[in-house]
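What follows is a short report on a single structure.
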Protein chains: 2
Amino acid sequence: MLASLEKEQEEVSEGDFLAKENTRLDELFILKKGWVIATREEASGRAHIPTVYHPGDVIGLSDVAFTHTPNTIVAATQLTICRFPREKLTDVLRQSPRVSGLFLALSMIDQALMNDRLIVSRRTDGYLRLVLFLLQTMSRLRLMEPRLHDQFYCPLTQEQIGAATGLSGVHVSRSIKKLLELNLIERHKRFFRFADEPGLNSLVGYVDRYESLDLSWLPEGD
Amino acid sequence: MLASLEKEQEEVSEGDFLAKENTRLDELFILKKGWVIATREEASGRAHIPTVYHPGDVIGLSDVAFTHTPNTIVAATQLTICRFPREKLTDVLRQSPRVSGLFLALSMIDQALMNDRLIVSRRTDGYLRLVLFLLQTMSRLRLMEPRLHDQFYCPLTQEQIGAATGLSGVHVSRSIKKLLELNLIERHKRFFRFADEPGLNSLVGYVDRYESLDLSWLPEGD
DNA sequence: CGGCTGCTTGAATAGAGTCAATAAACGTGG
DNA sequence: CCACGTTTATTGACTCTATTCAAGCAGCCG
């Protein structure tokens, strides 16, 4: 079932749009390769990135239920994607209780991650938002590529990291510096390495949600 | 189908717990009457309220996918609830594509609302967080009780509103004062009335997500 | 070797938090 | 019905931290 959804792959260039703000989004995308960001301009004019998508993610699960999406969805790197028209979602619901449950689970997971981000976004200490960003990104990437161990390449500019964490680009730079000085991370260009992951975890009380999944309630069969 | 889920109602007293942090949550709750808050203590020790539930909400949709919930779920008022064991979710997935889709839609809606909150939480202007809180709450309550028009009773203390918006209790008081001075709202005790709803909307670029739902992709039948 | 973009650093500003003191509202029991 | 104590709300003074503006510094590509 899932395989049938991923028949036709498609390449997308960096900077291309998968969806534009205030338009109807009538398909989902399954991201096979690359990073995607959802951006949104806020009333004050500042750009925000509510979500960053990584390989394996289903893009648009929080948008298809609405007549128009509030987000602009952009390829942050070169991509490989599979399109997933909305009617196919209807088919899935009709035909496969298990895959339906998986979609529901995905949505729940996204919500849990966003909850964690929401809490941290409300603290004043900005560098902790960066810490959570790094930890969540690492966890997510490890899911698909366990061999990454303790480091990853972040294709986003510091300005974009700021938009994703709610900091100004300037402050992202300062926060990285602080983490370097505390010997919590190392960095070479856009590679980040965790020098002291337990230390980072305890700073924000981080829990890897992927490690505490319980999907025993999913129906068996296809 | 849905009716069968709501057979046995149950009363819960204010202050009672529906779930405790770091325990397994193996049932959902359908909230019939009253307000419920999910609370969480953050690393620094400050209390946060990531979600406030209102009549009609399904409580715990972001928690059942995990072996333990990060949230403590508390009755903010006297409640009427229906329990919804996790196995029943499995039944729903197996038996009713449409209700499965509805659950998925609910989860998507929650996500969209949280996205809006996340964006606003990242701005510095605190009184705007309060504005969004009021607007989202009003929209949500109107869903079930359209006759409310432009006012509602908020059973939460200002300290709790602060925990829900990411402000200190003190600052909630100041922000309310500011909105009163701008003639955007009126207030009598814990009743809030919108004196200028368009004005409030434009402050935060508010969009009522409930009014832009598109559920045409839900399968027909039960 | 320019010219671009992205990163770093400094100084000044603005806004939210904290602490603390008061005032108002609410509930309880006499 | 009133007096008391507790909780909740308001206000002021001060601190701390992220932002903004601005200038300088890489690093990359043509």
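A note on names: the letters A, B, ... follow the listed sequences, proteins ahead of strands, and every chain is numbered from 1.
If you check residues 33-42 of chain B against DNA chain D, you find no residue with a heavy atom closer than 4.0 Å. Contacts between residues 183-193 of chain A and DNA chain C, defined by a heavy-atom separation under 4.0 Å, are made by A:Arg187, A:Arg190. A heavy-atom distance below 4.0 Å to DNA chain C is reached by these residues of residues 167-176 of chain A, ordered by number: A:Val170, A:Ser173, A:Arg174.
A:Arg24 places no side-chain N or O within 3.5 Å of a backbone atom of A:Val64 that could act as its donor or acceptor partner. In this structure, A:Arg142 contributes its side chain and A:His149 its backbone to a donor-acceptor pair below 3.5 Å.
Rounded to whole Å, atom P of C:dG17 lies 13 Å from atom CD of B:Gln158. For the pair A:Glu14 CD and C:dT5 P, the computed distance is 14 Å after rounding to whole Å. Remark: P of D:dT6 and CD of B:Glu159 are 19 Å apart, rounded to the nearest angstrom.
Neither side chain, A:Asp196 nor A:Asn183, offers a donor N or O lying under 3.5 Å from an acceptor on the other. Between the side chains of B:Asp208 and B:Ser139, a donor-acceptor pair is found at a separation under 3.5 Å.
Centroid-to-centroid, the aromatic rings of B:Phe103 and B:Phe84 come within less than 6.0 Å.
The side chain of B:Lys177 contributes an N or O atom lying less than 4.0 Å from OP1 or OP2 of D:dT11.
Two residues are said to be in side-chain contact when any heavy atoms from C-beta on lie closer than 4.5 Å; B:Phe194 and B:Leu134 meet this criterion. Counting heavy atoms from C-beta outward, A:Phe66 and B:Asp214 have side chains that stay 4.5 Å or more apart.
Rounding to the nearest 0.5 Å places CD1 of A:Ile119 at 10.5 Å from CG of A:Leu132.
B:Gly166 comes within 4.0 angstrom of the backbone, heavy atoms only, and of no base.
Taking the centre and axis of the six-membered ring of A:Phe17, the NZ or CZ atom of A:Lys20 falls inside the cone set by 45° and 6.0 Å.
Other residues, nucleotides and ligands place more than 12 heavy atoms under 6.0 Å from the CD atom of A:Gln151.
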